[in-house]
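In each ligand, atom 1 is the first atom listed, and ligand 1 is the first ligand listed. Only this structure's heavy atoms are used, side chains among them; waters, hydrogens and symmetry mates stay out. Along the sequence shown, residues carry numbers from 1.
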Amino acid sequence: MITKVVPGLLIAAQDGDGVAKEASARMGRIIRDAIGRSGVANIALSGGDTPRAAYARLAKEEGIFWNKVRVFWVDERAVAPTDDRSNYKHAKESLIDPAKIAADHVHRMPADAKDLDAAAREYEALLKKHVAAGKHGAPQLDLVVLGIGEDGHTASLFPGLPTIDITDRFVAAVPAHDNLEPRLTLTVPVIEETRNAIVLAVGSKKAAPLEKVWATSGDVHKTPARIVRDVRGSLAWLIDKAAGGIG
Ligand code: 6PG
């Protein structure tokens with residue numbers, strides 16, 4: 001049961017389908033508004049299982065000029081773009097191909113590069129080239145889609161790893177740990193600077209980490225998703241009843 005004061009807007013749906021529906025409508029609105037305001041929408045996508053249904057619905061949202069949308073990633077795993085663990089692969093199948101987003105507007109994170117630090121720097125340069133800086137100096141994306149792990153991670157900011165403390169880079173290499181492959185991730189300054197953040201959480205396994213994120217005090221090193229509380233733009237949590245500990 002939700003017992004905390006949730007930072008930002010909380011939208012609770014009955015189930016995963018309801019979350020996907022709310023999420024795609026909200027993402028669509030944010031994208032349309034950004035294009036209306038500045039002529040372009042720069043969005044960054046998370047991977048994992050949860051957002052796929054929302055991406056598939058987003059591809060069908062009406063009134064989005066997809067040729068004005070640039071797609072970046074929040075994080076990526078060190079696997080080939082065809083690998084089933086690739087965040088790019090799933091976004092391509094659910095959103096990019098169905099919406100027919102042009103290849104030169106799709107910026108996969110090259111986390112399968114041999115030199116991951118160099119790849120992080122290149123991706124940072126790419127972000128800076130396409131996305132103007134916000135007030136606090138980081139590229140200001142129009143939309144960042146996030147998830148939350150059972151261990152309290154978000155993006156590829158994992159508990160116990162120093163990536164969470166990086167403030168002088170916008171993209172970072174994440175070493176292999178806990179049987180997970182190395183990764184690339186956006187860093188905290190970029191996530192905080194976004195105009196809009198949407199966090200998706202579906203299923204009862206997300207209830208405990210959400211409670212820790214929403215608790216008034218806590219340690220970002222233990223529950224990195226707590227950094228989302230500091231997003232300066234709009235913040236919405238789209239969860240199902242099970243993730244909210246209800247029913
Ligand atoms: C990744 C993600 C990650 C994800 C959470 C939730 O590449 O692993 O971007 O941060 O959002 O792990 O994943 P699920 O949606 O699969 O639960």
Side-chain angles (χ1 to χ4, degrees), residues 13 15-20 22-24 27 43-58 71-81 83-96 107-112 116 119-120 123 141 143-161 163-164 171-188 190-192 194 197-210 212-213 220 222-228 231 235-240 242-244:
D15 53 21
D17 268 358
V19 169
E22 293 285 349
S24 58
M27 289 180 207
I43 69 174
L45 305 177
S46 276
D49 297 331
T50 314
R52 289 183 209 165
Y55 295 159
R57 278 181 178 269
L58 177 61
V71 183
F72 298 90
W73 268 262
V74 169
D75 65 342
E76 182 58 283
R77 304 148 181 201
V79 296
D83 191 288
D84 210 44
R85 284 191 53 72
S86 161
N87 290 341
Y88 166 81
K89 177 183 189 250
H90 293 291
K92 179 172 165 25
E93 288 170 356
S94 55
L95 173 65
I96 291 157
H107 304 292
R108 179 177 90 90
M109 271 183 162
D112 53 340
L116 213 51
Y123 204 78
L141 291 153
L143 170 64
V144 169
V145 181
L146 295 164
I148 179 167
E150 285 173 53
D151 60 356
H153 79 262
T154 192
S156 280
L157 303 167
F158 290 96
L161 290 189
T163 332
I164 186 94
V171 182
V174 183
H177 70 290
D178 284 349
N179 295 323
L180 291 174
E181 60 282 273
R183 297 173 174 221
L184 286 178
T185 188
L186 298 184
T187 56
V188 173
V190 184
I191 295 172
E192 285 181 353
T194 185
I198 290 183
V199 188
L200 304 180
V202 170
S204 58
K205 290 182 176 164
K206 303 295 169 82
L210 280 176
K212 286 187 190 156
V213 171
V220 290
K222 291 186 180 144
T223 311
R226 287 184 63 83
I227 62 115
V228 178
V231 162
L235 167 62
W237 305 84
L238 275 65
I239 68 166
D240 71 341

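Short contacts between ligand 1 and His153, defined as distances under 4.0 Å to a heavy atom of the residue, involve ligand atoms 3 (C), 5 (C), 10 (O), 12 (O). Near Ala155, with a cut-off below 4.0 Å to any heavy atom, the atoms of ligand 1 are 3 (C), 10 (O). Near Gly48, the atoms of ligand 1 lying under 4.0 angstrom from a non-hydrogen atom of the residue are 13 (O), 14 (P), 15 (O), 16 (O). Atoms of ligand 1 found under 4.0 Å from any heavy atom of Thr50 (numbered from 1 in listed order, with element): 14 (P), 15 (O), 17 (O). For ligand 1, the atoms sitting less than 4.0 Å from at least one non-hydrogen atom of Asp49 are 14 (P), 15 (O), 16 (O), numbered in the order shown with element in parentheses. With ligand atoms numbered from 1 in the order given, ligand 1 contributes 11 (O) to contacts under 4.0 Å with heavy atoms of Gly147.
Using a 4.0 Å heavy-atom cutoff, Lys206 is listed among the residues neighbouring ligand 1. Ligand 1 has Asn87 within reach: a non-hydrogen atom of the residue lies less than 4.0 Å from it.
Ring geometry for Tyr123 versus Phe72: interplanar angle over 60°, hence perpendicular rather than tilted (30 to 60°).
Between Asp84 and Lys89, at least one side-chain N (NZ, or NE/NH1/NH2) sits under 4.0 Å from a carboxylate O, which counts as a salt bridge. Salt-bridge check for Arg85 with Glu181: passed, with a basic side-chain N closer than 4.0 Å to an acidic carboxylate O.
Of the polar atoms of Ile148, none of the N or O atoms is found under 3.5 Å from an N or O of ligand 1, judged by distance alone. Among the atoms of Asp75, some N or O lies under 3.5 angstrom from an N or O of ligand 1. When only interatomic distances are considered, the shortest N/O to N/O separation between Gly149 and ligand 1 does not fall below 3.5 Å.
Screening Ile227, Val174, Val220 for a side chain to side chain contact (heavy atoms under 4.5 Å, CB included) with Leu157, the sole residue that qualifies is Ile227.
Heavy atoms only, all atoms of each residue included: Ala54 and Met27 are closest at CB-CE, 4.0 Å. Heavy-atom minimum distance, His177 versus Pro175: ND1-O, 3.3 Å. Of all non-hydrogen atoms in Ala155 and Val74, the two that sit nearest each other are CB-CG1, 3.4 Å.
Side-chain contact check for Arg183 and Ser156: at least one donor-acceptor pair (N or O, by modelled atom type) lies under 3.5 Å.
Among Arg52, Arg77, Glu76, the residue whose heavy atom lies closest to atom 1 (C) of ligand 1 is Arg77.
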